[in-house]
Amino acid sequence: QVTLVESGGGVAYPGGSLTLSCATSGFRFTTYAMGWFRQLPGREREFVATIGGQGGNLYYGEDVKGRFRISRDNTKNTAYLQMNELKPEDTGLYYCAKGLFGSGNILARAYDHWGRGTQVIVSS
């Protein structure tokens, strides 16, 4: 009964911005960490960002650090990924995930539910 639904994907120009949302239901949202992962064309799934249940314990992948920002609104049971200074190499499928525990974690094994993904395309 746990559901995660990503939205906000689409097409952006290099240097542009895009914000992804992850609407959740079926669990006590504030108790659990949330994460974003992505799969780029021809590559394995990789870590993007994570945030603890109360908004702390944040970590970012090296390729997105300084450009992307993860956040959450615990009154709306929703997590976000704000993506700035987008590059063509950011193109891929982005997944939202619910953590097993309250602390942010960079490992996929620390998440027990996943959304279906939303596509991001960065192109001129």
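Start at 1 with the first residue, then count along the sequence. None of these values were measured; they are calculated from a predicted model.
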*Pairs flagged by ring pair (Phe, Tyr, Trp, His ring centres under 6.0 Å) wherever residues 80-119 is involved - sequence neighbours left out*: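 Non-adjacent pairs meeting ring pair (Phe, Tyr, Trp, His ring centres under 6.0 Å): Phe37-Tyr111, Phe37-Trp114.
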
Pairwise distance [atom1]([X]) to [atom2]([Y]) - rounded to 0.5 angstrom:
X	Y	atom1	atom2	answer
Ile106	Phe47	CD1	CZ	6.0 Å
Arg72	Leu81	CZ	CG	13.5 Å
Gln119	Arg38	CD	CZ	12.0 Å
Leu4	Thr24	CG	OG1	6.5 Å
Leu86	Leu18	CG	CG	6.5 Å
Leu93	Gln39	CG	CD	7.0 Å

Taking every non-hydrogen atom, the tightest pair across [X] and [Y]:
X	Y	answer
Arg67	Glu85	NH1-O, 3.0 Å
Pro41	Gly92	CD-CA, 4.3 Å
Ser17	Ala12	O-CB, 4.4 Å
Glu6	Gly117	OE1-N, 3.0 Å
Ser124	Pro14	N-CD, 3.7 Å

Strictly by modelled atom types, are [X] and [Y] linked by a side-chain donor-acceptor pair under 3.5 Å?
X	Y	answer
Thr50	Asn105	no
Thr78	Ser21	no
Thr30	Gln54	yes

*asked:* Strictly distance-based, threshold 3.5 Å: is any side-chain N or O of Arg69 a donor or acceptor partner for the main-chain N or O of Gln82?
replied: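 Not at all, since once roles are kept as given, no pair shorter than 3.5 Å links the two residues.
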
*Between the main-chain N or O of Gly9 and the side-chain N or O of Thr118, is there a donor-acceptor pair closer than 3.5 Å?*
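Yes; judged by distance alone, with no hydrogens or angles, the pair exists.
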
*Near Tyr32 OH, under 6.0 Å, is it more than 12 heavy atoms from other residues, nucleotides or ligands?*
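Open: at most 12 neighbouring heavy atoms sit under 6.0 Å from OH of Tyr32.
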
_Passing candidate, side-chain contact (heavy atoms from CB on, under 4.5 Å) with Phe68, options Asp90, Asp63, Asn84, Leu20_ =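 The passing option is Asp90.
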
*So which pairs with a foot in residues 91-115 pass salt bridge (Lys or Arg N to Asp or Glu O under 4.0 Å), sequence neighbours left out?*
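Sorted result for residues 91-115: Lys98-Asp112.
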
_Partner set under side chain to side chain contact (heavy atoms under 4.5 Å, CB included) for Glu89, not counting sequence neighbours_ =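 If we apply the side chain to side chain contact (heavy atoms under 4.5 Å, CB included) test to Glu89, skipping adjacent residues, the hits are Lys87.
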
*Does a side-chain heavy-atom distance below 4.5 Å link Met34 with Cys22?*
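Answer yes - side chains close enough.
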
_Verdict with reasoning, Trp36 to Ile70, per side-chain contact (heavy atoms from CB on, under 4.5 Å)_ = CA-CA 8 Å; Trp36 288 94; Ile70 188 171; 3.5 Å; yes

*Does one hydrophobic cluster hold both Val5 and Phe27, with members joined at side-chain heavy-atom distances below 4.5 Å?*
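No; tracing contacts between hydrophobic side chains, which count when under 4.5 Å, never links both residues.
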
